[in-house]
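Side-chain atoms are counted along with the backbone in the values below, which use heavy atoms only and exclude waters and symmetry mates.
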Amino acid sequence: MVSGARRRALRDGDRQIDTAHLLHSLLEHDAEVRAVFEDGPQLARLLGYLVQRSIGYGLRWQGSVEDSGAVPVVPESEGYSPLAAGAMEHAAERAVRRGLVRANGTDLLSALVLDPEARAVEVLTHAGIEAAVVLDRIESRVRRAV
């Protein structure tokens with residue numbers, strides 16, 4: 001999944017992997033993440049915004065660093081925006097709290113939508129999806145699995 005986000009960032013001309021790159025890669029490669037977006041039209045709209053971005057239309061952030069200042073910067077996060085690096089760290093911590101050795105896609109998705117300034121949240125908002133709803137769906141799925 002990370003290698004897909006890295007390829008997407010390079011193809012987009014971005015210096016760093018940001019939260020939108022990670023979101024796009026998660027949606028492409030993780031069926032459990034896609035299942036969080038329960039209705040087909042919502043997922044289609046979301047993928048549409050992400051594809052538009054990757055071909056140079058719509059939301060653009062090229063040449064800028066994704067950093068809201070709301071989360072602490074993760075040291076040695078070369079190749080990731082500060083928010084993306086923080087999300088990766090948060091996903092790993094979330095997995096450990098759940099008793100897992102490594103994070104899964106929904107751990108990362110939940111971390112991507114925590115900061116309202118994240119590009120992933122901006123993409124979700126443009127697709128008509130509230131970050132809080134995504135978090136609720138993830139938590140609901142976790143509770144059902146236990």
Minimal non-hydrogen separation, [X] against [Y], with atom names:
X: Ala91; Y: Ala103; value: O-CB, 3.5 Å
X: Leu26; Y: Leu109; value: CD1-N, 3.9 Å
X: Ala84; Y: Leu22; value: CB-CD1, 3.8 Å
X: Pro82; Y: Gln16; value: CD-OE1, 4.2 Å
X: Ala87; Y: Ala111; value: O-CB, 3.3 Å
X: Ala5; Y: Ile17; value: CB-CG2, 3.9 Å

Who are the side-chain contact (heavy atoms from CB on, under 4.5 Å) partners of [X], not counting sequence neighbours?
X: Arg94; answer: Arg97, Arg98, Asp107, Ser110, Ile138, Glu139, Val142
X: Val133; answer: Glu130, Arg137
X: Leu114; answer: His90, Leu135
X: Ala127; answer: Arg45, Leu46, Tyr49, Ile129

Practice problem: Using the side chain to side chain contact (heavy atoms under 4.5 Å, CB included) rule, take His24 and Val51 through it: C-alpha gap first, then chi angles, then the decisive distance, then the call. | Solution: CA-CA 8 Å; His24 199 161; Val51 168; 4.3 Å; yes
Quiz prompt | Single-linkage hydrophobic cluster, 4.5 Å side-chain cutoff, Met1 and Val123 together | solution = yes
Would you compute the distance between atom [atom1] of [X] and atom [atom2] of [Y] and round it to the nearest 0.5 angstrom?
X: Arg11; Y: His21; atom1: CZ; atom2: NE2; result: 9.0 Å
X: Leu124; Y: Leu112; atom1: CG; atom2: CG; result: 9.0 Å
X: Phe37; Y: Leu27; atom1: CZ; atom2: CG; result: 5.5 Å

Quiz prompt | Asn104: partners by side-chain hydrogen bond (donor to acceptor under 3.5 Å, both in side chains), with sequence neighbours left out | solution = Thr106
Quiz item: Residues in side-chain hydrogen bond (donor to acceptor under 3.5 Å, both in side chains) with Ser140, at least two apart?
Solution: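 Ser140 satisfies side-chain hydrogen bond (donor to acceptor under 3.5 Å, both in side chains) with Arg144 only.
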Quiz item: How would you list all residue pairs meeting side chain to side chain donor-acceptor pair (under 3.5 Å) that involve residues 25-36, not counting sequence neighbours?
Solution: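 Sorted result for residues 25-36: Arg8-Glu28.
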Quiz prompt | Leu83 and Asp18: CA distance, side-chain angles, deciding distance, side chain to side chain contact (heavy atoms under 4.5 Å, CB included) verdict | solution = CA-CA 7 Å; Leu83 286 180; Asp18 66 25; over 6 Å; no
Quiz item: So, does Thr19 use its side chain to make a donor-acceptor pair with the main chain of Ala120 at under 3.5 Å?
Solution: yes
